[in-house]
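I have placed the structure first, in the form of structure tokens, so that the comments after it can refer back to it.
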Amino acid sequence: MNHFPEAWGRPRNDVYGAYDASHLQSSMPNQHTQSPIVTGTSVVALKFNGGVVIAADNLASYGSLARFTDIERLKQVGTHTVVGAGGDISDMQYLHEKLLDPLIIKEEYQNDGHHLRASHIYRYLSRVLYQRRCKFNPLWNTLLVAGWDEGKSFLASADLLGTTFAAPALATGFGAHLAVPLLRRVCPDEAAVENITREQAIAAVEECMKVLFYRDARSLNKYSLAIITGEGVESVGEGAAKEKVTIEWKKDVELQNQSWKFAEGIRGYGAQVV
Amino acid sequence: MPSSTSIGTGYDLSNSVFSPDGRNFQVEYATKAVENGGTAIGIRCKDGVVLAVEKLIGSKLLVPGSNKRIASVDNHIGIACSGLVPDARHFTSRARSEASNWRKLYRSPIPISSMADAMGGYAQAYTLYSSVRPFGVTAIIGGMDEAGGPGLWMVEPSGVGWGYFGAATGRGRQAAKAELEKLPLPNITVEEAVKQAARIIYFAHDDNSKDKDFELEMTWVRLEKGSAEELEEGGATKGWGKHEEVPKELVAEAERLAKESMEGGGDEEMEE
């Protein structure tokens, strides 16, 4: 995955040469939703013993312009799940407002004590993304779905091509390059999850947000963090063990203890003139 | 109701036909159908709304808790119905489309008064044509919105819909109304109203259909804990509430108190 959302899902120019756009000529009007306009950058998430933590900054960029600085890219969906989105912001809003919100409302009609869990939301989203890419009109997002499912924490990613992937430490966009290696130091595999405490996981994700702000030119020093914790398995009926899912939010978190000393050594930055 | 002199005059055979003294008999017959249904009540509180239904059980073979009479129509609205169950199903399904269309058009949840308006209009349209019959349903619409806070409306087969502090319909409505009038509405909390609603349903049941089995079905609309405390400022709490079943433990406790008060001699007030 490239850290420029514009390049997601395209053959790489440096490998395949520039794409011959004459193949795409048609009598149809230009479709501007075929490339992202207002974009969000990384989403970072990590599992720990008893839950998941997920974070994304509050920036929506218009190209390289930091256009909107109060955008929430993490959203709770139903009772068990938080969905974080990178890529096109309007496509993210479409997913939530036109698809997920009505889906959750319809699901509550039944009133039978069952709720859509994280894996259900994830499967639904990945099928929508794949269907849209098959129509050659993808929703230009990479999504992380974090939540609680069948007595376990849940974390998985789905992208604009319908690619699905699950791991105990995940990040999208620039974070896929920069944050994942940092998170894997804490959590190399699924087995490591049970030895990670909630505090360690939050600290690791906060560290990633800081590193991303240092290095990703499309990022912001203000972000949101959600911590999903759970106990038990969903079951309905007399004497059934209770499932309890808690989603704790930290919004408008400012990056702490920044140090820009390293920037002095960067060519083109500060006093250095070379 | 049509008196014995008006029956057989021909003015009750088709919908939308007035009798010479200005009545629509089909609508009155529909109202009669509702009067045989299980009692349904709604209570408007300062911090939300409580809906309760006496669900009469026709057979011991039915699964307990099945065939619900209170429907969720949107996150923040519930509808309790009395009367013909299939009519009620269609009525609530229409309410669900009204709610989702409103969201599509205005990108916000539908206010309770607008829902009552829309459903009143829908019911009224079924009094106008000979090809249809009126709904054999009286619906109690309860919810919470940002502008008005808690809202409680009752729509009748004629299409008329009024806002209430306490609403009752179905076979035990007289007894239920008398009990509702004794409450200091709307200045009670949802927790208090849950106990009162259970007591009133038990009381109305005892009064009207003692020989039949019934299940108490109860839902509420209120803000999620925490946000209610932030919003409270003297008057009614405002905000988009959440419609959901009253937790089982609370219903069990309210039923226990209700049964106790029945043994204690029918219509006396329940203690705090």
Side-chain angles (χ1 to χ4, degrees), chain A residues 68 71-72 75-83 89-117 121 124 148 226-232 234-252, chain B residues 51 53 55 63-81 88-110 115 142-143 215 217-221 224-227 240-249 251-252:
Chain A
F68 305 102
I71 300 299
E72 190 55 70
K75 197 168 180 258
Q76 183 169 343
V77 177
T79 46
H80 288 57
T81 316
V82 171
V83 175
I89 296 295
S90 58
D91 284 351
M92 174 193 81
Q93 290 175 338
Y94 167 82
L95 274 175
H96 282 297
E97 288 166 21
K98 301 282 183 193
L99 299 181
L100 291 174
D101 289 352
L103 178 78
I104 295 296
I105 289 171
K106 282 187 185 140
E107 200 57 33
E108 295 296 311
Y109 289 165
Q110 268 67 43
N111 224 328
D112 54 6
H114 293 289
H115 302 282
L116 287 180
R117 300 194 298 272
I121 304 286
Y124 173 76
W148 191 255
I227 305 142
I228 304 112
T229 49
E231 285 167 34
E234 182 184 281
S235 50
V236 175
E238 291 302 310
K242 269 268 169 89
E243 183 193 38
K244 195 164 163 259
V245 182
T246 318
I247 300 184
E248 186 190 330
W249 282 94
K250 293 183 181 180
K251 292 197 175 177
D252 296 332
Chain B
L51 300 174
V53 166
K55 184 170 72 190
V63 175
S66 60
N67 300 308
K68 297 240 183 335
R69 299 295 151 84
I70 308 179
S72 275
V73 149
D74 200 331
N75 281 337
H76 63 303
I77 300 182
I79 298 188
C81 286
R89 287 271 169 82
H90 176 76
F91 190 85
T92 50
S93 114
R94 172 70 184 205
R96 284 168 178 167
S97 8
E98 291 287 345
S100 97
N101 286 340
W102 185 282
R103 275 178 184 268
K104 276 184 196 133
L105 197 56
Y106 300 110
R107 293 186 65 208
S108 78
I110 185 170
M115 174 57 85
E215 271 176 22
E217 201 177 308
M218 204 153 37
T219 65
W220 65 27
V221 185
E224 290 182 35
K225 271 229 170 93
S227 48
W240 302 109
K242 174 111 182 74
H243 176 249
E244 56 197 355
E245 277 186 13
V246 177
K248 285 200 181 71
E249 312 84 68
V251 178

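Numbers restart at 1 for each chain; the letters A, B, ... are given by sequence-line order, proteins then strands.
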Where do A/N111 and B/K68 come nearest, in terms of heavy atoms and distance?
O-CE, 3.9 Å
Which bit of B/R96 comes within less than 4.5 Å of chain A, counting heavy atoms only: side chain, backbone, both or neither?
both
CD/A/E108 to NZ/B/K242 distance, rounded to the nearest 0.5 angstrom?
4.5 Å
One should read off an interatomic distance between B/R103 CZ and A/I105 CD1, to the nearest 0.5 angstrom, of 3.5 Å
For residues A/K98 and B/K104, report the shortest heavy-atom separation together with the two atoms involved.
NZ-O, 4.4 Å
Does atom NZ of A/K106 have more than 12 heavy-atom neighbours, drawn from other residues, nucleotides or ligands, at distances under 6.0 Å?
no
When only pairs under 4.5 Å are counted, which of B/R107, B/H243, B/E244 shares the most heavy-atom pairs with chain A?
B/R107
